[in-house]
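Below, each value reflects all heavy atoms present in this structure, side chains not excepted, and no hydrogens, waters or symmetry copies. Values in this document were obtained by computation on a predicted structure and should not be read as measured data.
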Amino acid sequence: MAKTNMSPQRNVMPTQDPKVRGRNFDEVALGYSEEVAVDEALRCLNCKNMPCVDGCPVKVHIPEFIAKIREGDFEGAYQIISKSSSLPAVCGRVCPQETQCEARCVRGVKGESVGIGRLERFVADWHNTFCTQEPVRPASNGHKVAVVGSGPSGLTCAGDLAKKGYEVTVYEALHTAGGVLVYGIPEFRLPKAIVAKEVDTLTKLGVAIETNVVIGKTLTIDELFDMGHEAVFIGSGAGLPNFMGIPGEALSGVYSANEFLTRSNLMKAYLDNPDTPIMKGGKVAVVGGGNVAMDAARTALRLGAEKVYIVYRRSMEELPARREEVEHAEEEGIEFRLLCNPTEITGYHNPEDPRDPKNGFVTGMKCVRMELGEPDERGRRRPVEIPGSEFTLDVDTVIMSIGTSPNPLIKSTTAGLEVNRKGGIVVNEDGLTTKNAVYAGGDAVTGAATVISAMGAGKTAARAIHEYLSK
Ligand code: FAD
Ligand code: SF4
Ligand code: SF4
């Protein structure tokens, strides 16, 4: 048996040079080689009480899969992960591991935790490259289920049911399946080919995917039942952007992060003469401090911005984005304007010439400096304005990234479906809504959260739907 690697540091993830990658959309992190993956796996102590597993929302059997990597049995490792996670190539890349599985790793006490996410990504990529076995479509059990939305919750629910022989149809509003994994998270963090492969596997399992169908408009939930579906899972996400309500948000050059990223990711706005153009170049301010804000800022840079600011009202300590993403953004030259809050977006107005083409475009963003005051109800110190500290950022584009909410369309067209005051669909522990045979999960229930929690909710609902339809 090979010796344990007692290095306090984990193996470094190779990345593209920041100076080069800031201008291309290729993946930033390049992944471990076989040798490095085995070396990292040797850092795992195979703890009997498995604290790392407690930190994983879907309870991946972490020490077991890492032991397989130590033995060089990478396909064996994949088979262990895929018992609990249906999207390991995605989770290995975008899970907030540092607050989940890796946060509980004992190696993190006196050094860096084992690179669990990096190893998961390695295993999934190895499987996708070398395993040519096609999934086998199970025999139909005669039951039909509809899934609304093709994000991680919908895809997971559809996949788990299809494996049990259900005839599943996924109805997706956009023209491409994958949800935020394709329209939100940019290529340089999560290549579209990885999501396309997952979707392809589902179709081989027999899942039908109907794109360009907006449930609530094209068809209602009740009509899905009229079409012969016996249960419905709603995984429609939380795609409705929030705005600050400050003057100037209607000016040309102000985007929600969702719109900006969707245009860039899905509508190919980065091409010359695209159908859905987007501001390219100039100076850009992104308001917010989450993963979405980092993605919008780094996308703006890759679209040719000469300067990109992150404007966030608290300090670096409270910034909610993943640390790795913040470091990557800093390395690429994104400037962080912390403890700053926008108060107004200013626009160009030529009183002499109402036809001046520059009329109505952003010219700047007025901000005020903040300091941290008393803790709020969640224990986070409340930002308080410093009087007289106003200043103006000279920018041409403003991207608002201050959160999203579930879209009210499905609720407003479905009798008997209750939502909470934030618009999240109300469900019980099995994902069952207040309407018979209608289940829901992911961001549509919780509000904006994580890929792995959406996946977990899809799994829970699939189990409950199976129980309900097997009665
Ligand atoms: P979604 O992924 O939002 O999918 C919902 C799908 O439903 C969409 O395809 C939508 O078009 C479709 N839909 C909506 N309404 C209808 C309708 N009426 N009819 C038919 N279809 C409909 N999480 C992480 O864990 N790590 C990260 O690094 C991370 N980065 C992120 C970066 C960005 C830019 C964004 C926006 C989110 C990020 N998240 C991240 C959050 C994560 O992506 C989401 O929590 C997750 O995708 C939610 O999955 P879901 O299945 O609930 O919904
Ligand atoms: Fe960690 Fe996410 Fe994998 Fe779970 S699914 S082990 S949280 S990377
Ligand atoms: Fe390995 Fe860390 Fe989990 Fe222990 S806690 S089994 S060292 S990954």
Side-chain angles (χ1 to χ4, degrees), residues 15-30 90 93-94 151 174 176 178-195 237 239 241-243 252-312 319-337 362 365 393 395-404 448 451:
T15 54
Q16 268 197 77
D17 180 337
K19 286 198 204 81
V20 177
R21 72 181 191 230
R23 296 294 178 199
N24 70 50
F25 277 88
D26 297 340
E27 196 171 11
V28 168
L30 302 172
V90 174
R93 284 171 167 81
V94 304
L174 297 176
T176 305
V180 167
L181 305 182
V182 291
Y183 79 72
I185 304 181
E187 178 81 13
F188 56 82
R189 273 213 300 134
L190 178 62
K192 311 271 168 276
I194 287 172
V195 185
N242 301 336
F243 282 89
S252 296
V254 180
Y255 297 89
S256 69
N258 254 29
E259 180 190 354
F260 186 80
L261 288 168
T262 305
R263 284 183 184 226
S264 167
N265 282 326
L266 210 53
M267 315 296 180
K268 301 196 167 36
Y270 50 83
L271 298 175
D272 290 334
N273 302 317
D275 293 341
T276 50
I278 200 171
M279 302 287 278
K280 291 186 225 168
K283 294 183 185 143
V284 180
V286 178
V287 181
N291 286 322
V292 184
M294 297 307 132
D295 283 346
R298 296 171 73 201
T299 296
L301 188 76
R302 284 159 173 78
L303 288 173
E306 64 188 78
K307 184 88 216 160
V308 184
Y309 303 101
I310 289 277
V311 178
Y312 179 59
L319 199 101
R322 293 189 64 197
R323 218 34 47 193
E324 186 178 85
E325 303 310 326
V326 174
E327 281 164 21
H328 282 167
E330 282 181 319
E331 285 167 10
E332 289 166 14
I334 308 284
E335 196 175 305
F336 285 68
R337 292 297 186 102
V362 172
M365 187 166 78
L393 266 185
V395 290
D396 318 280
T397 301
V398 174
I399 304 172
M400 287 292 173
S401 181
I402 52 166
T404 54
V451 171

Inset, instruction - Return yes if some donor-acceptor pair links the side-chain N/O of Asn291 with the main-chain N/O of Arg322 below 3.5 Å, else return no. - result: yes

Inset, instruction - Determine the minimum heavy-atom distance between Phe243 and Ser256, stating which atoms define it. - result: CZ-CB, 3.7 Å

Legend entry - Where at least one partner belongs to residues 185-194, residue pairs that pass side chain to side chain donor-acceptor pair (under 3.5 Å), sequence neighbours excluded: Arg189-Asp295

Legend entry - Atom of Ala293, atom of Val286 and distance for their closest heavy-atom approach: O-CG1, 3.6 Å

Inset, instruction - Quick one: pull up NZ in Lys307 and CD1 in Ile334 and give me the separation to the nearest 0.5 Å. - result: 9.0 Å

Legend entry - Between CE on residue Met365 and CG on residue Asp396, distance to nearest 0.5 Å: 12.0 Å

Legend entry - Plane angle bin for Phe25 and Phe188 - parallel if under 30°, tilted between 30 and 60°, otherwise perpendicular: tilted

Legend entry - Side chain to side chain, Pro320 and Tyr312, heavy atoms closer than 4.5 Å: yes

Legend entry - Heavy-atom donor-acceptor pair, Gln16 side chain to Glu27 backbone, under 3.5 Å: yes

Legend entry - Rounded distance (nearest 0.5 Å) linking atom CG of Leu190 with atom CG of Leu181: 6.0 Å

Inset, instruction - Check Thr404 against Pro241 and note the closest heavy-atom contact, atom names and distance. - result: CG2-CA, 3.9 Å

Inset, instruction - Before accepting this row, confirm whether a basic side-chain N of the pair Glu327/Arg323 lies closer than 4.0 Å to the acidic partner's carboxylate O. - result: no

Inset, instruction - For the residue pair Thr15 and His328, establish whether any side-chain heavy-atom pair is separated by less than 4.5 Å. - result: yes

Inset, instruction - Of all the heavy-atom pairs spanning Val195 and Gly178, show the shortest one and how long it is. - result: CG1-CA, 4.0 Å

Legend entry - Heavy-atom closest contact (Met294 atom, Ala329 atom, distance): SD-CB, 4.3 Å

Legend entry - Residues in salt bridge (charged side-chain N to carboxylate O under 4.0 Å, His left out) contact with Arg302, at least two apart in sequence or another chain: Glu332

Legend entry - Atom pair CE (Met400) and CG (Asn258), whose distance is rounded to the nearest 0.5 Å: 14.0 Å

Inset, instruction - Evaluate the criterion side-chain contact (heavy atoms from CB on, under 4.5 Å) for residue pair Val182 and Leu266; output intermediate values, then yes/no. - result: CA-CA 7 Å; Val182 291; Leu266 210 53; 4.2 Å; yes

Legend entry - Considering all heavy atoms, the nearest Thr397-Val362 contact: N-CG1, 4.3 Å

Inset, instruction - Would you check if Tyr183 and Thr176 make a side-chain contact, meaning some heavy-atom pair closer than 4.5 Å? - result: no

Inset, instruction - Test Ile399 against every option in Leu261, Val308, Val284 by the side chain to side chain contact (heavy atoms under 4.5 Å, CB included) rule and name the one that passes. - result: Val284

